[in-house]
Amino acid sequence: NLCFIVLLIVSVTIISPKSNPFMKAKSIFIIPLLMAGLYASIGVVCVHAEIQVITLDQQEEPPAWAIYERQLIDTLNRAGIEFFDTYTLEDGSLEWKERYEGGMNSSDDAYEAFRGFSLLTALGGSEEIDRVHRHAWEGITKQFTRYGQIYREFDSNWDWMHHGEGYISLYPMGMVDPDDAVFRERSIRFAAMYIGEDPEAPNWDPEHKIIRSVMNGSRGPKMEWVKRDWIPTNANLTYYPLPYLDIPGVTASTAWINDHPDNDQFGKLVKAMSDRMAKGDVPINLAATALIANAYLYTGDSKYVEWVKDYVGMWENLTKENNGITPDNVGLNGKIGEYTGNWWGGYYGWVWPRGGTDVVIAELTSAKVATLLTGDKRYGELPRSQMAVMRKHGKLENGRYVMPIRHDHRGWYHYSSEIAYPYVNLWYLYHNEDDWKHIERLAESELKLDGEIKDPDLAWAYFVRGRNADYPVEAFQGDFRFVAEKMNTIRNENGDPETWVDSKWIMPDPVRMDNLVRLTVGGMPIHKRGEMLHAQVRYFDGEKKQPGLPPDVAALVSRIEEDWVQIDISNVNQFERRQLVIQGGTYGEHQIESVVVDDSSDTHEIDARALSLDLGPGAGFSIRLNLDRYNNKPTYQFPWKL
């Protein structure tokens with residue numbers, strides 16, 4: 001390696017008394033500074049030299065999608081700051097009530113209101129939007145510590161449906177600044193609570209490879225529940241069916257708010273749930289795999305990979321043991337149905353509160369994490385198989401295919417429209433044509449019955465397979481309408497913070513990233529439980545050495561195939577050049593083998609994690625990146641530092 005040789009020669013020259021008068025003077029304070037400066041300078045040059053540069057000067061009139069995209073990024077930058085200025089105090093905490101006694105409830109909604117902020121910076125937004133997000137994170141953490149929900153900077157005890165939603169906003173911070181020591185250390189501490197390294201939070205059972213309780217967090221597993229834990233959440237739960245139908249004296253969901261001294265239905269309900277649900281593991285805990293992957297992406301420590309393999313593997317084994325159906329509860333001894341008596345009846349499982357869809361979404365989250373960390377595509381089979389289980393019992397109803405999402409002693413019931421989200425996730429990650437057939441089946445059904453594809457996931461999937469050309473412009477136009485609506489709410493805010501509920505700030509949040517994620521980097525939105533960003537590519541500003549699209553540059557992932565993607569690129573600036581670095585995958589997990597520009601016969605061999613495009617003023621073109629997927633170890637670190 002030429003860089004290593006240069007550094008070695010410089011080092012020998014510096015420390016040699018014959019060639020360096022400073023050594024003779026024994027200037028021990030100056031020498032380290034000189035060496036550090038030279039090492040850094042030469043190292044940066046050498047690393048940059050490893051990223052191949054392709055110069056592109058072909059001019060093109062900026063397409064409509066590019067103008068919309070750049071304007072949307074600028075709009076979200078400003079909208080986010082106005083949201084922050086309206087709803088936070090000087091210390092970053094939310095303008096809210098002085099006291100909040102939320103029982104076992106967590107801080108997820110508060111963190112979740114900023115879920116798009118650092119993600120926007122990672123995709124090309126301003127540095128300021130990430131800065132205020134970090135400030136708000138600190139403020140919210142201190143605020144909810146004072147309320148009692150947070151302990152040691154992490155939620156004390158809550159489920160991974162809510163943990164997952166809250167910590168969605170944590171993961172993009174590593175994409176923006178992988179060297180932030182505060183959030184790096186924090187991420188390692190959080191992961192320690194789940195892999196058995198934190199004695200104060202013994203959530204993990206290394207023998208049975210399970211998370212030991214439904215409610216878990218920085219105080220460890222919560223094995224018993226009382227009524228106080230469920231206030232004020234209990235009022236919302238009246239809208240869901242009862243978790244069990246055999247609780248004496250409890251016949252309706254109004255039991256959640258009926259605690260009359262002579263007939264405490266609320267108490268009976270919580271006691272039954274505590275006895276049957278509280279202890280042991282449930283599929284929703286699979287969302288914790290993202291928290292562990294977050295620590296790995298900062299550190300590269302293989303222990304996190306092994307934990308994910310162990311944990312997801314445990315659920316794969318339980319599914320096989322249960323004849324292909326993922327059980328929704330396993331006891332502390334590793335036995336299916338240890339406290340319920342059945343493979344169904346667990347928390348966020350096949351019965352309560354919303355049914356099997358929650359099982360599938362948690363399995364999707366863990367499958368994507370496991371594949372990212374190992375490169376093994378087998379992990380997609382777990383969520384895929386559970387969709388097949390429900391689909392097997394489905395039926396046609398008014399021209400649409402519906403499937404049961406609940407199961408108990410009565411069998412399969414509660415038929416609901418088949419959702420596209422799992423199929424689109426599985427297809428864009430694993431490129432399985434059977435998954436695509438389900439996408440096509442659902443899309444064609446919508447076209448036949450509604451005359452259009454209304455589901456945005458289906459609409460995007462059709463676009464990246466060349467069948468919905470108008471989607472980008474229509475999607476961005478919808479985003480502008482969305483932002484305008486939210487800004488109207490923000491600018492007319494006159495409510496009393498003492499009366500606000502804990503989901504208050506999610507409603508006016510204007511930083512919607514769904515379409516920027518889909519269209520710029522070719523990924524699925526990350527507003528579901530515990531999701532991390534998984535995408536075809538990621539961008540960096542090669543001139544400023546920052547994450548995200550450079551100013552004035554727009555990118556559109558317009559085609560996705562098993563081993564290649566097409567990206568349309570436009571430098572809308574007619575006067576200045578831009579340096580665009582493109583990385584394979586969100587975390588450099590995909591190796592870029594080669595690139596073809598504008599369908600020419602000229603192929604540039606790359607064989608690297610990333611490449612750099614030197615874009616002339618007004619340059620516009622399409623490139624085809626040929627990828628070797630999951631060939632590299634993923635990391636938050638920027639490509640020029642690897």
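The figures that follow rest on heavy atoms only: side chains count, while hydrogens, waters and symmetry mates do not.
- Shortest non-hydrogen contact noted between A555 and L549 is CB-CD2, 3.9 Å.
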Y462 and E444: CA distance, side-chain angles, deciding distance, side-chain hydrogen bond (donor to acceptor under 3.5 Å, both in side chains) verdict:
CA-CA 10 Å; Y462 260 38; E444 293 304 314; 2.5 Å; yes
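- Counting only heavy atoms from C-beta outward, the side chains of L519 and W65 never approach each other to under 4.5 Å.
- Here the CG-CZ distance, from L580 to F540, works out to 10.5 Å after rounding to the nearest 0.5 Å.
- Rounding to the nearest 0.5 angstrom, the gap separating the CG atom in N573 from the CG atom in L615 is 10.5 Å.
- Checked by atom type and distance alone, the side chain of N571 pairs as donor or acceptor with a backbone atom of G616 at under 3.5 Å.
- Note on D514 versus R512: no salt bridge recorded, every NZ/NE/NH1/NH2 to OD/OE distance being 4.0 Å or above.
- Using a cutoff of 4.0 Å between basic side-chain nitrogens and carboxylate oxygens, E440 and R467 are scored as salt-bridged.
- Taking the side chain as every heavy atom from C-beta outward, T374 and Y630 never approach each other to under 4.5 Å.
- In this structure, the ring of F117 has its center no less than 6.0 angstrom from the ring center of W137.
- Under a 3.5 Å cut-off, the side chain of Q59 and the backbone N or O of P617 do form a donor-acceptor pair.
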Between Y430 and T371, does the side-chain contact (heavy atoms from CB on, under 4.5 Å) criterion hold? Intermediate values first, please.
CA-CA 9 Å; Y430 300 109; T371 298; 2.7 Å; yes
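- The structure places CG of L625 at 11.5 Å from CD of Q583, a figure rounded to the nearest 0.5 Å.
- Counting only residues at least two apart or on different chains, no salt bridge (Lys or Arg N to Asp or Glu O under 4.0 Å) pair has a member in residues 618-637.
- Side chain of D598 to backbone of S622: a donor-acceptor contact under 3.5 angstrom is found.
- Aromatic pair W307/Y311: centroids less than 6.0 angstrom apart.
- For L373 against P634, the heavy-atom pair with the smallest separation is CD2-CG, 4.1 Å.
- Taking OH of Y539 as the reference point, atom CG of L123 lies at 8.5 Å (rounded to 0.5 Å).
- With hydrogens and angles disregarded, a donor-acceptor distance shorter than 3.5 Å links the side chain of N203 to the backbone of M193.
- The pair E589-K368 does not count as a salt bridge, with every side-chain nitrogen at least 4.0 angstrom from each carboxylate oxygen.
- Using a cutoff of 4.0 Å between basic side-chain nitrogens and carboxylate oxygens, D177 and R134 are not scored as salt-bridged.
- Not one N or O on the side chain of Q536 forms a donor-acceptor pair closer than 3.5 Å with the backbone of V565.
- Using a 4.5 Å cut-off on side-chain heavy atoms (C-beta onward), L627 and D563 make no contact.
- Identified under the salt bridge (Lys or Arg N to Asp or Glu O under 4.0 Å) test for residues 294-305, with sequence neighbours left out: E197-K303.
- Formation of a donor-acceptor pair under 3.5 Å by the R538 side chain with backbone atoms of M175 is found in this model.
- Considering every non-hydrogen atom in both V424 and W460, the closest pair reads CG1-CZ3, 3.8 Å.
- Counting heavy-atom neighbours within 6.0 Å of Q579 CD, excluding the residue itself, gives a total above 12.
- In terms of modelled atom types and a separation under 3.5 Å, the side chain of S570 and the main chain of G620 share no donor-acceptor contact.
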With side-chain contact (heavy atoms from CB on, under 4.5 Å) as the criterion, how do I292 and V369 come out once you've worked through the C-alpha distance, each side chain's angles and the decisive distance to 0.1 Å?
CA-CA 9 Å; I292 310 308; V369 164; over 6 Å; no
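- Summarising the geometry of I284 relative to M161, their closest heavy-atom pair is CG1-N, 3.5 Å, with the distance given to 0.1 Å.
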Show the numbers, then the answer: is there a side-chain contact (heavy atoms from CB on, under 4.5 Å) between Y428 and V464?
CA-CA 10 Å; Y428 97 96; V464 294; over 6 Å; no
Passes side-chain hydrogen bond (donor to acceptor under 3.5 Å, both in side chains), Q386 versus E363? Steps please.
CA-CA 9 Å; Q386 300 313 289; E363 290 178 335; 5.1 Å; no
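- Using a 4.0 Å cut-off between charged nitrogen and carboxylate oxygen, E185 and R189 count as a salt-bridge pair.
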Start with the C-alpha gap between N294 and Y636, add the side-chain angles, then the distance that decides, and say whether side-chain hydrogen bond (donor to acceptor under 3.5 Å, both in side chains) holds.
CA-CA 9 Å; N294 178 56; Y636 280 140; 2.6 Å; yes
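- The two residues P283 and T326 come nearest to each other via the heavy atoms CG-CG2, 4.0 Å.
- Between K641 and D179 there is a salt bridge, since at least one side-chain N of the basic residue sits less than 4.0 Å from a carboxylate O of the acidic one.
- Note that the CG atom of L119 and the CD1 atom of I526 stand 4.5 Å from one another [nearest 0.5 Å].
- The environment of E433 atom CD is dense: over 12 non-hydrogen atoms of other residues, nucleotides or ligands sit within 6.0 angstrom.
- Side-chain atoms of W160 and L291, non-hydrogen and from C-beta on, do get closer than 4.5 Å to each other.
- Between the S126 side chain and the N77 main chain, no donor and acceptor come within less than 3.5 Å of each other.
- Using a distance-only test at 3.5 Å, with no hydrogens or angles considered, no donor-acceptor pair links the side chain of S600 to the main chain of V596.
- The stretch residues 565-579 participates, sequence neighbours left out, in these salt bridge (Lys or Arg N to Asp or Glu O under 4.0 Å) pairs: D57-R577, D552-R578, E576-R578, R577-D614.
- For the residue pair I168 and R115, the shortest heavy atom distance occurs at CG2-CB, 4.0 Å.
- Under a 3.5 Å cut-off, the side chain of D281 and the backbone N or O of I211 do form a donor-acceptor pair.
- Considering only heavy atoms from C-beta on, Y379 stays 4.5 Å or farther from S366 through its side chain.
- Inter-residue side-chain proximity for V581 and P550 is flagged as unmet; no heavy-atom pair is nearer than 4.5 Å.
- A heavy-atom distance below 4.5 Å is found between the side chains of M387 and Y423.
- For the pair K209 and E316, the salt-bridge criterion is not met [side-chain N within less than 4.0 Å of a carboxylate O].
- Counting heavy-atom neighbours within 6.0 Å of Y471 OH, excluding the residue itself, gives a total above 12.
- Counting heavy atoms from C-beta outward, R184 and T299 have side chains that approach closer than 4.5 Å.
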Might you work through the side-chain contact (heavy atoms from CB on, under 4.5 Å) test for N425 and H534, ending with a clear yes or no?
CA-CA 10 Å; N425 266 274; H534 299 266; over 6 Å; no
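- Separating the CD atom in Q71 from the CG atom in L76 is a distance of 10.0 Å, to the nearest 0.5 Å.
- Screening D470, I560, L556 for a side-chain contact (heavy atoms from CB on, under 4.5 Å) involving F463 leaves a single residue, L556.
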Before you tell me yes or no, could you show the steps for N632 and Q591 under side-chain hydrogen bond (donor to acceptor under 3.5 Å, both in side chains), namely the whole-Å CA-CA distance, both residues' side-chain angles and the distance that decides it to 0.1 Å?
CA-CA 7 Å; N632 301 320; Q591 186 84 342; 2.8 Å; yes
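- Remark: aromatic rings of Y298 and F183 are distant, center separation not under 6.0 Å.
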